**Q** 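I have a structure I would like to understand better, so I am pasting it below and will then ask my questions one at a time.
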Amino acid sequence: MTVWPLRQRGLPLGPWGRAQRAPVGLPAPAPPARLPGSGVHARGRDGVHAEKWQRQGLGRLLFPALSALLLVAGSGCAWWTWTRTPAPVPTDTGLVAVLPASYWAAVVLLLLGTTIAVWGPRLILPLAVAHTSALVCVLYGVGVAWSRYPRGTVPWRHVGVAAELATARVVDGSIDAYFSWPGYFALLASYTGLGGVEDGQFLMRWAPVANELLLLAPLLVVLRALTADQRLVWSAVILFYLANWVDQDYLAPQATGYFLYLSALGLLLTVFRPPAPGHGFQRFRALGRIARLVQGSGPEHDATPELRDMDRARVLVLITLVVAAVVVAHQLTPFAFLLAFLVLVTARRVPVRGLPLVAGVLTVGWLTYGAAPYLQGNLGGLLEGLGDVAGAAQGGLVDRIQGSEGHLLVVRARLLFSLAIWGLAGLAVLVHYMRGRRDTAPVLLLASPGLLFGMQSYGGEMLLRIFMFSLPFSCLLAVQLLPRALAPLHRRVAGGLFLAVTLLLAPSFVLVHYGNQLTDQRAEAEVAAVRELYRLAPPEALLVAGNDNTPWRYSEYGQHRHVTLERLLRARDPQDAAAVEEALIDELTRQEHVAYVLLTRQQKEYERLLGRRAPYELAAVEQRLLSSGMFTVLMRNSDAVILALQEQP
Amino acid sequence: MSVRRTAGGVLVLTALAGLVAVLRVGPPLQPLVVGAFLLVAPGAALLLGVRLESVALRTTAVVSASLAVDVLLATALFYAGVWTPLVVGLALGALTTTLSLAALVRARRVTP
C-alpha cells in the first residue's frame, strides 16, 4: 500500500509517483477520491480514470469484444494444435524447439487478449479469468496433449503409495518416508475408493493442469490483500503462471500443500487487520519507531468489514485446520508456514500472535508421533544437513550443472530465469524504498522461504522449493515496476510493457519447464515393460531398475523390494560395467527371493541427458549382462529388457 | 448466497455423492460428483453463515477447508484402523449433513 507523502496530498500522481500540477490557465484537477486509509487514489473500482469515449456505447464494447475474440482464436489454435499435430519428439532442450507454429500462435493470441482484458480502458474481470484459465491449460497442458501417459516418474510412485494404503488399510511408517506423512495419500486413497477410480493415469495426467487452475483463487486472495490495484494483481497472476517453471504441480503432496499454504496466507492477510503501526510500543518511543520501520504501512482499511468477530474466529479455526492438514501431509510445507507466520507476526502485519506457536506445536507434535518411524532411522542424516549451506548449494546448484549440451542450456536458462524474477523483485523493493513506500509484507513473504535454505538440501530441491514459495510475492513486486495507470497514456505504456515481457517469458517458460521432456515423457513400450514386470514378479521379489527414471511402483508398492542398480551395489562401489556384472551376479545369488532387472532406453537417455552419476554406462552394463550367459531374457521390446538370473532361488 | 440456499446445495451434493458412490455409477459421473463433494461440501458446511463477499475469497476458504477436513478425517481413520472408502464417505457425509442442518435450524430461528 502507498504511503501518501504529505506535500503531495491532493495532487494527482504521474506514472512514477511524482505529483503533477495542472497546466497554467487551466483549473487544477480536483483531488481524486481516496479509499479510506489505503493510500491509493481510485476513481473507479479498478483504480483508473473512466475515459470519456468509454461512456459511449461503441467504446464500452470494443475492447471486451476484441479480448473475447482473441480468447476464442487462441483457444481454437490450441485445440487445433492438439488434435491435428502429431506428437513432436523432444530434443535435449525439451519441447521448445519442436512445438508447432500454431502452438505459439495460441500463446501470442491469448497473451494479447489477456493484456487487453487487464490493461484495456477497464479491467474486464470475466475475460481476465477466462484468459488466465486458457493460458494455464495451454502452458501446462502440453504434457497431457502429447502423451497418453503422465510425465515423469514420481506421480506413478504416489499412486502406488495410495494404493498400498488402500490395500493395507493401516499406516505402516516403516515402509518409507511417504508413510510418515500419509495425509495426502489418505485423501487420494479415499477419493479413488469413493470415486470408483481404478486407473490412476487420468489423475496423473491432468493433475498439473488441475493443480495450477486451483491456485488461481488463493493467488487472487493473497495478492489482493497486498495491493488494491487490480491491474497489478492480475498482472502478477499472469507473471506467476509464466514463471512457475519448477514443475511441482504434479500429483503430489507438495502441490496440495502449496495450495493450502497460499490459501491460509490469503485468508490471514485478508480477514485479520493489522494493528496500527507502532501499536503497543507507546511507552517506548525508540522501540515504537523501530516497530513502525519494520512494520511499514500496511493497509489501514478493513478488507472484510462484513465479518463479525465470531466469523473471524471461525476463519482462524479454518486456518489452524489447514496447517494441521499440511503437517500430516508434507515434510517441508509446515516449515514454510511457520516461517511465514513468524515474520508476519514479528512485523505486526497480522495480530494473531499465537499462530506461529500453534504451527510450531503441530509440526513438532507430528514429528514426534506420526513421523517417529522416519526420524528414528534418519535423524542423524537430517541433523548432519542442518546448517549445511554449502551442501545445500552443492545439491541444489552445482550438481545440476552437468549433462548434455542441450541440457546445460536448459539448466543455465533456469538459473537466469529465476535470477531475473528475483532481480526484478529486488529492483522493485529498491524503487519502493526510494519512493517512500513501506509496505513490508510482500518483501517479508518473499524472503521468509529463504530461511529454509541450509535447513536441509531436501534431495537437492530446496532452492526450487524456495523459489516456488516466494514466487507470488516476487511477481507482485516485479509488476509494481510498471507505471501506475493513472492516465490513459500511462496505462497504454504499462500494457505495452506487460505484453512485451510476457511475450518474452512465454518461450522461456516452455524451455525451462519442459526442458527435461525427453526423459519425462513415457513411451508405450516402456510402460508395457513395467506392466510385464509386475505380471511376472511373485510377492517379495527384488526388482532392480537401471536408475530412477522408471515409471514403476504404481502397483504392489509394499509387496516387492524396489531398488536401483546404484543403490543395490552402493557398498561394492563398482567402477565399470565389468565390475557391475560381477557385483550384480553375486548380489542376486545371495537373495532369498527371485530378482528381476529392468533396463530401459529411457534410463539410458536419463544418464546421457542429465550426466551420469555412476562411473559406468547402462548400455555397457546391459551388453555385458546379455553376453554373460548368466541371465535369461524374460521380455524384450523396442524400449526395454527384463532379465532374471538363470540360477534363481 | 443465503445460508438456506447454501446449506440446501451442500445437502443435495452430499446426497448425490452418496448415491453415485453406493450405486457405483462409474466414470465419468462418479469421480466427478465425488470429487466435487470432497472439494466443496465439507468446507461449505463448515463456513455456513460466514459472510465472505468476494468470490475468490469464498472459493479459497471453502476449498481449503474441504481439503483440510478430508485429509484430517481420512488420516485419523487410517490411524484408528477403521478406514474404508465407505467409512470415509459416511463420516464426511454425516459431518456435512449435521453442520448444514444445524445452520438451517439456526437460520430458521433467526428468521421464522
Side-chain angles (χ1 to χ4, degrees), chain A residues 165-166 168-171 182-199 202-203 214 216-222 224-225 256 259-260 262-264 266-267 270-271 303-308 310-312 314-315 317-326 328-329 370, chain B residues 17-18 20-39 42-43 46-65 67-89 91-93:
Chain A
L165 272 179
R169 297 190 175 178
V170 284
V171 178
Y184 175 78
F185 305 106
L187 170 64
L188 197 55
S190 303
Y191 172 63
T192 53
L194 282 170
V197 178
E198 289 176 5
D199 183 4
F202 181 83
L203 289 178
L214 211 56
L216 180 58
L219 274 174
L220 288 172
V221 173
V222 161
R224 281 173 180 168
T256 302
F259 166 80
L260 293 175
L262 291 180
S263 299
L267 288 167
T270 305
V271 171
T304 49
E306 68 277 9
L307 287 181
R308 302 161 297 183
M310 180 56 77
D311 293 341
R312 290 180 212 272
R314 286 167 76 178
V315 172
V317 168
L318 156 59
I319 293 172
T320 309
L321 286 176
V322 165
V323 174
V326 170
V328 307
Chain B
V20 298
V22 164
L23 295 179
R24 296 181 184 271
V25 166
L29 195 61
Q30 187 177 347
L32 273 174
V33 174
V34 167
F37 167 77
L38 289 173
L39 276 180
L46 207 61
L47 293 167
L48 278 168
V50 176
R51 284 170 285 184
L52 298 169
E53 304 246 337
S54 144
V55 171
L57 190 61
R58 235 186 357 259
T59 307
T60 301
V62 164
V63 176
S64 59
L67 286 174
V69 168
D70 296 340
V71 165
L72 290 170
L73 191 65
T75 307
L77 291 173
F78 267 110
Y79 277 95
V82 296
W83 181 92
T84 68
L86 181 63
V87 171
V88 173
L92 284 172

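We use all heavy atoms of the structure for the numbers below, so side chains are in, but hydrogens, waters and symmetry mates are not. Everything quoted here is computed from the prediction, not taken from an experiment. In the text below, chain A, chain B and the rest are named by the order of the sequence lines, each starting its count at 1.
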**Q** Closest heavy-atom contact between B:V63 and A:F259?
**A**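 That would be CG1-CZ, 3.5 Å.
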**Q** Is the shortest side-chain heavy-atom distance between B:L57 and A:L267 below 4.5 Å?
**A** yes
**Q** Can you tell me how far OG of A:S190 sits from CG of B:L38, rounded to the nearest 0.5 angstrom?
**A** 7.5 Å
**Q** Looking at every non-hydrogen atom in both residues, tell me the closest pair between B:A56 and A:R224 and how far apart they are.
**A**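 Nearest heavy atoms, B:A56 then A:R224: CB-NH1, 3.8 Å.
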**Q** I'd like to verify something: which residue of B:L72, B:T84, B:L77 has the highest number of heavy-atom pairs under 4.5 Å with chain A?
**A**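 Most heavy-atom pairs under 4.5 Å with chain A: B:L72.
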**Q** Can you check whether B:W83 reaches A:L165 side chain to side chain, under 4.5 Å on heavy atoms?
**A** no
**Q** Flag the one option from B:G43, B:G81, B:A68 with the top tally of heavy-atom pairs under 4.5 Å to chain A.
**A** B:A68
**Q** For A:T256, is it the side chain, the backbone, both or neither that has a heavy atom under 4.5 Å from a heavy atom of chain B?
**A**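 Side chain of A:T256 only, per the 4.5 Å heavy-atom cut-off to chain B.
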**Q** In Å, rounded to the nearest 0.5 Å, how long is the span from CG of A:L214 to CG of B:L39?
**A** 6.5 Å
**Q** Side chain from CB out, backbone as N, CA, C, O: work out which of these in A:A189 comes under 4.5 Å of a heavy atom of chain B, or both, or neither.
**A**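 Both backbone and side chain of A:A189 come within 4.5 Å of chain B.
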**Q** What are the two closest non-hydrogen atoms of A:A166 and B:F78, and how far apart are they?
**A**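 Looking at all heavy atoms of both residues, the shortest contact is N-CZ, 4.5 Å.
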**Q** Distance-only criterion, 3.5 Å: show the donor-acceptor pairs between side-chain atoms of residues 318-325 of chain A and protein atoms not counting sequence neighbours.
**A**
residue	atom	partner	partner atom	Å
A:T320	OG1	A:L316	O	2.9

**Q** Please report the shortest heavy-atom distance between B:Q30 and A:G196, naming the atom on each side.
**A**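 Heavy atoms of B:Q30 and A:G196 come nearest at NE2-N, 3.5 Å.
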**Q** Look at B:L46, B:V50, B:V20, B:T75 and state which one has the largest set of heavy-atom pairs under 4.5 Å with chain A.
**A** B:V50
**Q** Report the option among A:L220, A:V170, A:V171 that has the most heavy-atom pairs separated by less than 4.5 Å from atoms of chain B.
**A**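 Maximum pair count with chain B is reached by A:V171.
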**Q** Rounded to the nearest 0.5 Å, how far does CG of B:D70 lie from CG of A:L188?
**A** 12.0 Å
**Q** Kindly write out the residues that satisfy side chain to side chain donor-acceptor pair (under 3.5 Å) with B:S64, not counting sequence neighbours, or none if the list is empty.
**A** none
**Q** How close do A:V197 and B:P31 get, heavy atom to heavy atom, and via which atoms?
**A** CG2-CB, 3.9 Å
**Q** Carefully, step by step, assess A:L194 and B:F37 under the rule side-chain contact (heavy atoms from CB on, under 4.5 Å).
**A** CA-CA 11 Å; A:L194 282 170; B:F37 167 77; 5.7 Å; no
**Q** What is the distance from atom OG1 of B:T59 to atom CG of A:L216, rounded to the nearest 0.5 Å?
**A**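 Answer for the OG1-CG pair, B:T59 versus A:L216, is 9.5 Å.
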